[in-house]
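In what follows, a single structure is set out as structure tokens and then discussed.
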Amino acid sequence: MTSKSNLTIHQLRVFDAIVRSGSITQAALALNLPQPSVSRLISRLEREIGVPMFDRFSTGMALTTAGVHFHENAVNAIHFHDRAIDDARASTGLLIGNISIAAPDSVGGVLFAPLVQGMRDDHDGVRLRTIVSQSTEIPRMLAAGSIDIGIVADTHPTPAQAAFALFREDLYLIGLKSAKLLQQSEVSLAETAGIPLVLNALPGGFRSLIDHGFASLDITPNVQIEIDANNAMLELLAQGAGFSILPYSIITQLRARESLAAVRIVNPNLTRTLSMITATNKPMTAVMRETVRRIQLVIREKAAQAHWRPVRDQTRVD
């Protein structure tokens, strides 16, 4: 062991992969490397540093106290290494890199296609990976490092992460165009009492807005079907199975909208704010900054179509 070590970024990436996956075998699979090579590399890393990074058990591995501190700094070293390269390339207009984005289905269905296509047209060296996920899961994905940018709703608490409010959206009553209730310009939540409802099955998200709204009026909704699949839900509505309460953006995405109508719910308004989040311990690379810019651009372009409303007093991502 020497006072100064010459660890490589490759060693740090392998170390980080083991921490995230919990085993050398899984890290090797994720990195597409032979397992013996990963084992030797980590053994050399521990000899170089002079202290064990992991406690080994028959069921897996866990970081030692020294390993926890080392991992925090290793992650920062990887990010600053990548940022240095990205910024150098960006100074000449060249963007190269991978970036992962997760959003709820109501947002991703409108955002992802133009975002990916626009990036491919202008920066073919950037590979965007887009993921549809529940808003409650996205902060965990960001904390685990499996995504770089997340879009989440304010219908549940989120960890302390850098955030930028993107837009607000209201919930709408959706059903067949022929339904008398949908001939109005607006409908109060109380007017939906007794009608058959097809609602999202998962707790949290916009379902929490619906449940809270009915509870505030002391009304028990007539929920006939609960289903966690927007396509299937809209097909049921198109077949006359009842009504649903959804963000308007969902009805814009599918062919089922041709037979469906949507009316905004009021008294109370069911409204949520969608924000973009990034990891506080991860510096913004040139690729991330360009992706964030394009997300904002696409949202502005699609706002009228999706009935998204601007948010005042926005807090920008650093």
State, yes or no, whether a side-chain contact exists between Gln184 and Glu191 at a heavy-atom distance under 4.5 Å.
yes
Which atom names give the shortest non-hydrogen contact between Gly175 and Phe243, and what distance separates them?
CA-CD2, 4.0 Å
Show your reasoning for whether side-chain hydrogen bond (donor to acceptor under 3.5 Å, both in side chains) applies to Asp121 and Gln117.
CA-CA 6 Å; Asp121 290 343; Gln117 189 59 55; 2.9 Å; yes
Between atom CD1 of Ile99 and atom CD of Glu290, what is the distance when rounded to the nearest 0.5 Å?
10.0 Å
Check the surroundings of atom CG in Asp124: do more than 12 heavy atoms from other residues, nucleotides or ligands lie under 6.0 Å from it?
no
Got a donor-acceptor contact below 3.5 angstrom from the Ser37 side chain to the Leu33 backbone?
no
Would the distance check show the side chain of Glu48 and the main-chain N or O of Ser43 forming a donor-acceptor pair, the cut-off being under 3.5 Å?
no
List the steps and the verdict of salt bridge (Lys or Arg N to Asp or Glu O under 4.0 Å) for Glu46 and Arg56.
CA-CA 13 Å; Glu46 289 181 310; Arg56 275 87 167 168; 3.0 Å; yes
I'd like to know if the side chain of Asn32 and the backbone of Ala28 have a donor-acceptor N/O pair within less than 3.5 Å.
no
Output, in order, the C-alpha distance, side-chain angles, deciding distance and verdict of side chain to side chain contact (heavy atoms under 4.5 Å, CB included) for Ile251 and Leu246.
CA-CA 8 Å; Ile251 198 177; Leu246 296 165; over 6 Å; no
Would you confirm whether Arg289, through its side chain, and Met284, through its main-chain N or O, come within 3.5 Å as a donor-acceptor pair?
yes
Flag the pair Leu128 / Ser100 as yes when at least one side-chain heavy-atom distance between them is below 4.5 Å, and no otherwise.
no
Do Leu274 and Val152 pass the side chain to side chain contact (heavy atoms under 4.5 Å, CB included) test, and can you show the C-alpha distance, the side-chain angles, and the key distance before you say yes or no?
CA-CA 5 Å; Leu274 279 294; Val152 297; 5.9 Å; no
With a 4.5 Å cut-off on side-chain heavy-atom distances among I, L, V, M, F, W and Y, is there a chain of contacts connecting Val266 to Ile219?
no
Between the main-chain N or O of Gln305 and the side-chain N or O of Thr252, is there a donor-acceptor pair closer than 3.5 Å?
no
For Gly242 versus Leu237, what's the shortest heavy-atom pair and its separation?
O-CD2, 3.3 Å
Do side-chain atoms of Asp55 reach the backbone of Ala62 as a donor and acceptor pair under 3.5 angstrom?
no
First locate atom CZ of Arg168, then atom OG1 of Thr271, and finally report the distance between them rounded to the nearest 0.5 Å.
8.5 Å
Is Ser249 reaching over with its side chain to a backbone N or O of Ser106, donor-acceptor style, under 3.5 angstrom?
yes
Do Phe54 and Val19 have side chains that approach each other closer than 4.5 Å (heavy atoms only, starting at C-beta)?
yes
Taking the side chain as every heavy atom from C-beta outward, state whether Leu166 and Val107 have any pair of such atoms under 4.5 Å apart.
no
Can you check whether Ser23's main-chain N or O pairs, donor with acceptor, with Ser21's side chain at less than 3.5 Å?
yes
4.5 Å side-chain heavy-atom contact, Trp308 and Lys302
yes
Output side-chain donor-acceptor pairs under 3.5 Å for residues 196-210, partner residues at least two apart or in another chain, one line each.
unit_1	atom_1	unit_2	atom_2	d
Asn200	OD1	Leu202	N	2.9
Arg207	NE	Asp211	OD1	2.9
Arg207	NE	Asp211	OD2	3.4
Arg207	NH1	Asn200	O	2.6
Arg207	NH1	Glu226	OE2	2.8
Arg207	NH2	Glu226	OE2	3.1
Ser208	OG	Gly205	O	2.6

Using side-chain heavy atoms (C-beta onward) and a distance below 4.5 Å, is Phe70 in contact with Met53?
yes
Shared hydrophobic cluster for Ile49 and Val68 (ILVMFWY, side-chain gaps under 4.5 Å):
yes
Least distance between heavy atoms, Asn222 atom then Gly194 atom
ND2-O, 3.1 Å
With clusters defined by side-chain heavy atoms of hydrophobic residues (ILVMFWY) lying less than 4.5 Å apart, directly or transitively, does Ile295 cluster with Leu297?
no
Indicate if Phe80 and Val287 have the same hydrophobic cluster label, given that clusters are the connected sets of ILVMFWY residues with side-chain heavy-atom separations under 4.5 angstrom.
no
Counting only heavy atoms from other residues, nucleotides and ligands, does the tally under 6.0 Å from CZ of Arg120 exceed 12?
no
Looking only at heavy atoms, what is the nearest atom pair of Ala190 and Leu217, with distance?
N-CD1, 3.9 Å
After noting the C-alpha distance and the side-chain angles of Val311 and Phe164, does the key distance pass the side chain to side chain contact (heavy atoms under 4.5 Å, CB included) rule?
CA-CA 10 Å; Val311 178; Phe164 171 81; over 6 Å; no
Note: Leu95 and Ala286 closest approach over all heavy atoms is CD2-CB, 3.8 Å
Can you tell me how far the CD atom of Gln134 sits from the CZ atom of Arg140, to the nearest 0.5 Å?
11.0 Å
Given Ile42 and Val14, is the side chain to side chain contact (heavy atoms under 4.5 Å, CB included) satisfied, shown in steps?
CA-CA 8 Å; Ile42 291 303; Val14 172; 4.2 Å; yes
Heavy-atom nearest pair, Phe112 first then Ala102, reads CZ-C, 4.4 Å
Can you tell me if Gln26 uses its side chain to pair, donor with acceptor, with the backbone of Gly22 under 3.5 Å?
no
Thr192 versus Phe214: any side-chain heavy-atom pair under 4.5 Å?
yes
What distance separates Met288 CE from Ile101 CD1, expressed to the nearest 0.5 Å?
9.0 Å
Check the hydrophobic clustering (I, L, V, M, F, W, Y; side-chain heavy atoms under 4.5 Å; chains of links allowed) and say if Ile225 and Leu181 are grouped together.
yes
Checking the side chain of Ser146 only, and the main-chain atoms of Met141 only, is there a donor and an acceptor separated by less than 3.5 Å?
yes
Working to the nearest 0.5 Å, report the span between CD1 of Ile85 and CD1 of Ile96.
10.0 Å
N-O pairing of Arg272 and Asp170 below 4.0 Å:
no
Side-chain contact test, heavy atoms from C-beta onward, threshold under 4.5 Å: evaluate it for Lys177 versus Leu182 and give yes or no.
no
Gap between atom OG of Ser135 and atom CD1 of Ile151 - 0.5 Å precision:
10.0 Å
Greater than 12 external heavy atoms within 6.0 Å of Arg44's CZ
yes
